[in-house]
2 protein chains.
Amino acid sequence: MVEAYAAPCGADPVRITGALVMMRRASLLIRRLDSYFAAHGLSQLRFLVLIVIDREPERRSLTPNDIAQRIDISKPVLSRTLQGLEQDCLITLAASRTDGRSKEVFLTAEGRQRLNDLLPGYFGILSEETAGPAPD
Amino acid sequence: MVEAYAAPCGADPVRITGALVMMRRASLLIRRLDSYFAAHGLSQLRFLVLIVIDREPERRSLTPNDIAQRIDISKPVLSRTLQGLEQDCLITLAASRTDGRSKEVFLTAEGRQRLNDLLPGYFGILSEETAGPAPD
DNA sequence: CCATTTAAGTTATCACGATAACTAAATAGC
DNA sequence: GCTATTTAGTTATCGTGATAACTTAAATGG
């Protein structure tokens with residue numbers, strides 16, 4: 001089907017198909033991850049926030065701005081997500097002592113626990129994905 | 001960074017990284033496509049709806065149910081999308097003559113035009129993606 | 001040192017995905 | 001042939017992404 005469309009546009013059907021297949025695989029993988037996280041009271045985004053704080057080598061906290069840059073997400077979305085995580089007691093927010101505009105985000109013990117609980121399943125899903133045959 | 005997390009979980013870091021890279025590439029590609037379509041008054045979803053009707057070999061119309069199955073999307077999302085496309089005069093909706101519950105969705109001349117206008121750029125973006133080096 | 005500009009976060013609003021609950025029509029089964 | 005169930009589509013609600021506009025604090029610069 002791609003050929004009939006791509007050829008008149010001067011595009012390479014092989015490349016097009018490759019890109020489409022990749023998007024399809026990624027989309028299916030994302031669905032699986034979403035449903036995995038949803039079953040455990042998180043989401044991909046919330047999970048990423050936790051992991052990014054946890055893996056920080058030198059510090060035990062990050063600013064919202066740091067987090068947004070590391071996971072490449074807009075600040076408003078992060079702001080909303082942090083509010084949810086705080087309500088669920090997975091993080092704590094404190095005012096920055098060096099910058100009156102900023103905050104510091106810490107993992108709670110429960111947050112770290114939840115993260116560690118979900119990591120094996122997360123990696124399992126990622127491994128299966130790359131293991132399986134490429135779907136059409 | 002993956003190693004430190006994956007090893008204790010008994011996961012293969014290479015596979016994990018492969019899956020993460022694929023998701024990253026797909027995510028960037030989707031962003032480019034979104035911004036391309038947004039600049040032309042469409043969206044990926046709206047574009048897919050148009051293409052699926054246009055490429056139908058035997059018929060000039062499809063039912064919403066057909067469309068939802070072909071592009072693997074939920075019916076409510078499609079319903080909302082079709083309303084928008086109809087408002088923008090890119091499709092027309094008619095009651096089905098064989099099934100009182102169903103509808104037929106037709107492309108308008110403007111819809112077909114818009115589709116053909118956007119196809120080259122769409123394929124161009126997909127080609128570039130597969131052409132470029134794999135980003136980290 | 002005060003005014004302007006830049007930066008961090010939040011709120012408001014919108015697009016797009018999902019599921020649940022609903023209406024109405026078609027089909028099954030007795 | 002009338003009830004049951006199934007199916008098509010819509011509405012309502014929610015989660016998650018974006019941008020624009022706003023508030024407040026920091027940095028710049030005359």
Side-chain angles (χ1 to χ4, degrees), chain A residues 23-24 26-50 61-88 90-91 93-105, chain B residues 23-24 26-50 61-88 90-91 93-105:
Chain A
M23 283 206 292
R24 177 73 182 156
S27 158
L28 293 176
L29 177 53
I30 286 167
R31 279 192 200 181
R32 291 187 59 196
L33 290 173
D34 279 340
S35 101
Y36 172 68
F37 286 125
H40 295 83
L42 279 184
S43 71
Q44 279 210 73
L45 176 55
R46 287 158 66 103
F47 179 76
L48 280 176
V49 170
L50 298 184
S61 73
L62 284 176
T63 68
N65 203 38
D66 290 334
I67 299 174
Q69 286 180 352
R70 278 167 174 70
I71 65 186
D72 195 16
I73 209 172
S74 67
K75 289 192 295 181
V77 172
L78 181 63
S79 188
R80 189 207 285 148
T81 305
L82 291 179
Q83 288 168 14
L85 286 171
E86 188 182 29
Q87 277 189 356
D88 290 357
L90 301 176
I91 61 170
L93 297 172
S96 166
R97 280 156 306 157
T98 60
D99 187 332
R101 297 166 300 181
S102 189
K103 295 185 169 182
E104 295 178 32
V105 187
Chain B
M23 282 206 294
R24 176 73 182 158
S27 160
L28 292 175
L29 177 53
I30 287 167
R31 278 193 201 181
R32 291 187 59 194
L33 289 173
D34 279 340
S35 102
Y36 172 69
F37 286 125
H40 295 83
L42 279 184
S43 70
Q44 279 209 72
L45 176 56
R46 287 159 68 103
F47 179 77
L48 280 176
V49 170
L50 298 184
S61 72
L62 284 176
T63 68
N65 204 37
D66 289 334
I67 299 174
Q69 286 181 352
R70 278 167 174 70
I71 65 185
D72 195 16
I73 209 173
S74 67
K75 289 193 294 181
V77 172
L78 180 64
S79 187
R80 189 207 283 150
T81 304
L82 291 179
Q83 288 169 13
L85 287 170
E86 188 182 30
Q87 278 189 357
D88 291 357
L90 302 175
I91 61 170
L93 297 172
S96 166
R97 280 157 307 157
T98 59
D99 187 332
R101 298 165 301 180
S102 189
K103 296 184 167 182
E104 295 178 32
V105 187

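Source: prediction; values computed, not measured. Quick note on labels: first sequence line is chain A, next is B, and so on, each numbered from 1.
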Atom pairs and distances, donor-acceptor, side-chain atoms in residues 32-39 of chain A, under 3.5 Å, two or more places apart:
| residue | atom | partner | partner atom | Å |
| --- | --- | --- | --- | --- |
| R32(A) | NH2 | E128(A) | OE1 | 2.7 |
| Y36(A) | OH | L118(A) | O | 2.9 |

Point to revise | Matching residue for V105(B) among L82(B), L78(B), L50(B), D66(B) - test: side-chain contact (heavy atoms from CB on, under 4.5 Å) | key: L82(B)

Practice item. Let me have a per-nucleotide readout for nucleotides 15-25 of chain D, 5' to 3', with B, S or -, counting only protein heavy atoms under 4.0 Å. Key: -BBBBB----B

Starting from [atom2] on [N], measure out to [atom1] on [X] and report it in whole angstrom.
| X | N | atom1 | atom2 | result |
| --- | --- | --- | --- | --- |
| D34(B) | dC14(C) | CG | C1' | 14 Å |
| I91(A) | dG9(C) | CD1 | P | 12 Å |
| R32(A) | dA18(C) | CZ | P | 17 Å |
| L78(B) | dG9(D) | CG | C1' | 10 Å |
| I30(B) | dG17(C) | CD1 | C1' | 12 Å |
| Q83(B) | dG9(D) | CD | P | 13 Å |
| L82(B) | dG9(D) | CG | P | 9 Å |
| E86(A) | dG9(C) | CD | C1' | 14 Å |

Practice item. Output the distance between atom CD1 (I71(A)) and atom OG1 (T81(A)), rounded to the nearest 0.5 Å. Key: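 Those atoms lie 7.5 Å apart.
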
Review point. Got a second to check how far I73(B)'s CD1 is from S79(B)'s OG, nearest 0.5 Å?
Key: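 That separation rounds to 11.5 Å.
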
Side chain to side chain contact (heavy atoms under 4.5 Å, CB included) partners of [X], counting only residues at least two apart:
| X | result |
| --- | --- |
| N65(A) | T63(A), Q69(A), K75(A) |
| R31(B) | D72(A), S27(B) |
| R80(A) | none |

Check your understanding: Which glycosidic conformation, syn or anti, is assigned to dA25(C) if syn requires a torsion within 90° of zero?
Key ->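 Anti conformation for dA25(C).
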
Exercise for review: Would you indicate, yes or no, if dT10(C) has its OP1 or OP2 atom less than 4.0 angstrom from a side-chain nitrogen or oxygen of S79(A)?
Suggested key: yes

Check your understanding: Minimum heavy-atom separation for G41(B) to R46(B), with atom names?
Key -> O-NH2, 3.9 Å

Practice item. Find the partner of dA26(C): check Watson-Crick (N1-N3 plus N6-O4 or O6-N4) and G-U wobble (N1-O2, O6-N3) distances, both under 3.5 Å, and reply none if neither fits. Key: dT5(D)

Exercise for review: State the pairing partner of dA25(D); accept Watson-Crick or G-U wobble contacts with both distances under 3.5 Å, and report none otherwise.
Suggested key: dT6(C)

**Study point:** Sub-4.0 Å heavy-atom contacts from residues 62-70 of chain A onto DNA chain C, ordered by number
**Key:**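 Of all residues in residues 62-70 of chain A, the ones placing a heavy atom under 4.0 Å from DNA chain C are T63(A), P64(A), N65(A).
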
Check your understanding: Any side-chain heavy atom of L42(B) within less than 4.5 Å of one from D88(B)?
Key ->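 Heavy-atom side-chain distance check fails, nothing below 4.5 Å.
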
